Amino acid sequence: GQKDYFKTLIDKYEIANYVIHSSKYEDMPFYLDACDYGFCIRNSSIINRVASPTKVLEYLARNIKPIISEYVGDFSVDLPSKGLACVWSDNCEISKDDSFNGKNYVIELDKNVTKYYDNKIASLFNRDVVY
């Protein structure tokens, strides 16, 4: 919703081809499918350093490469090491090749998180969960 702010950034970095758009949440899949990159830029705060914004996973699930600040929880360390995000900095190399597959990362993360919680809940009842 901060179109003026992003227009200032676009002018500052002399970005030639861009679209700034806001839309309703239910219309987002249509727009996201047309994107190559998405942004999640956060200020340095204790909340942001431990947060895991679902927006980043939403980007990855649609095969959009996130460009994130260094203050986006574990994503700022984990995703760049896997080639799944670029941490915003003056020397950030923004590139996305045909092998980029954020969707598989989200599918695996979902499986691992589900398995973890299933096992924790089962342990409360002294039962094993088998996958």
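Basis for what follows: all heavy atoms, side chains included, without hydrogens, waters or symmetry-related copies. Just so it is clear, the model here is predicted, and its values are computed rather than measured.
Applying the side-chain contact (heavy atoms from CB on, under 4.5 Å) test to I15 and every residue at least two apart in sequence or in another chain returns I10, Y13, Y18. When the salt bridge (charged side-chain N to carboxylate O under 4.0 Å, His left out) test is applied to K55, the partners found at least two apart in sequence or on another chain are E58. Under the side-chain contact (heavy atoms from CB on, under 4.5 Å) criterion, S81 pairs with D78, not counting sequence neighbours. The salt bridge (charged side-chain N to carboxylate O under 4.0 Å, His left out) search around D4 returns none, not counting sequence neighbours. Under the side-chain contact (heavy atoms from CB on, under 4.5 Å) criterion, D74 pairs with no residue at all, not counting sequence neighbours.
Comment: D36 does not engage K65 in a salt bridge, judged by the lack of any side-chain N to carboxylate O separation of less than 4.0 angstrom.
Residues Y105 and L57 come closest through the heavy atom pair CE2-CD2, 4.2 Å.
Crowding of N43 atom CG: a count of heavy atoms from other residues, nucleotides or ligands under 6.0 Å not exceeding 12. More than 12 heavy atoms of other shown residues, nucleotides or ligands fall within 6.0 angstrom of atom NZ in K3.
Between C40 and F75, every side-chain heavy-atom pair lies at or beyond the 4.5 Å cut-off. Residues R42 and P53 meet the side-chain proximity criterion, which asks for heavy atoms closer than 4.5 Å. Contact of the L32 side chain with the I64 side chain is registered, since non-hydrogen atoms from C-beta on lie closer than 4.5 Å. The closest side-chain heavy-atom distance from I41 to V72 is not below 4.5 Å.
Between L60 atom CG and L79 atom CG the span is 5.5 Å, to the nearest 0.5 Å. Between C35 atom SG and R62 atom CZ the span is 10.5 Å, to the nearest 0.5 Å.
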Below 3.5 Å, can you tabulate the donor-acceptor pairs from side chains in residues 23-31 to any protein atom, sequence neighbours excluded?
unit_1 : atom_1 : unit_2 : atom_2 : d
Y31    : OH     : H21    : NE2    : 3.4

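Taking Ile, Leu, Val, Met, Phe, Trp and Tyr as hydrophobic and joining them when side-chain heavy atoms fall under 4.5 Å apart, one finds Y71 isolated, its cluster having no other members. Members clustered with I46: I47, by chain and number, using a 4.5 Å side-chain heavy-atom cutoff among hydrophobic residues. The hydrophobic cluster containing F125 also includes I121, L124, under a criterion of side-chain heavy atoms closer than 4.5 Å among ILVMFWY residues, counted directly or through chains of members.
One hydrophobic cluster, built from ILVMFWY side chains closer than 4.5 Å, holds both I67 and L9. One hydrophobic cluster holds both Y117 and V106 under the rule that ILVMFWY side chains link at heavy-atom gaps under 4.5 Å.
Residue pairs meeting the salt bridge (charged side-chain N to carboxylate O under 4.0 Å, His left out) criterion with at least one member in residues 9-21, sequence neighbours excluded, are K7-D11.
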Using the rule given for side chain to side chain contact (heavy atoms under 4.5 Å, CB included), can you reason through I107 versus D110, listing the C-alpha separation, both sets of side-chain angles and the distance that settles it, and then say yes or no? CA-CA 5 Å; I107 290 168; D110 177 57; 5.8 Å; no
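Looking only at distances, no side-chain donor or acceptor of S69 sits under 3.5 Å from a matching main-chain atom of W88.
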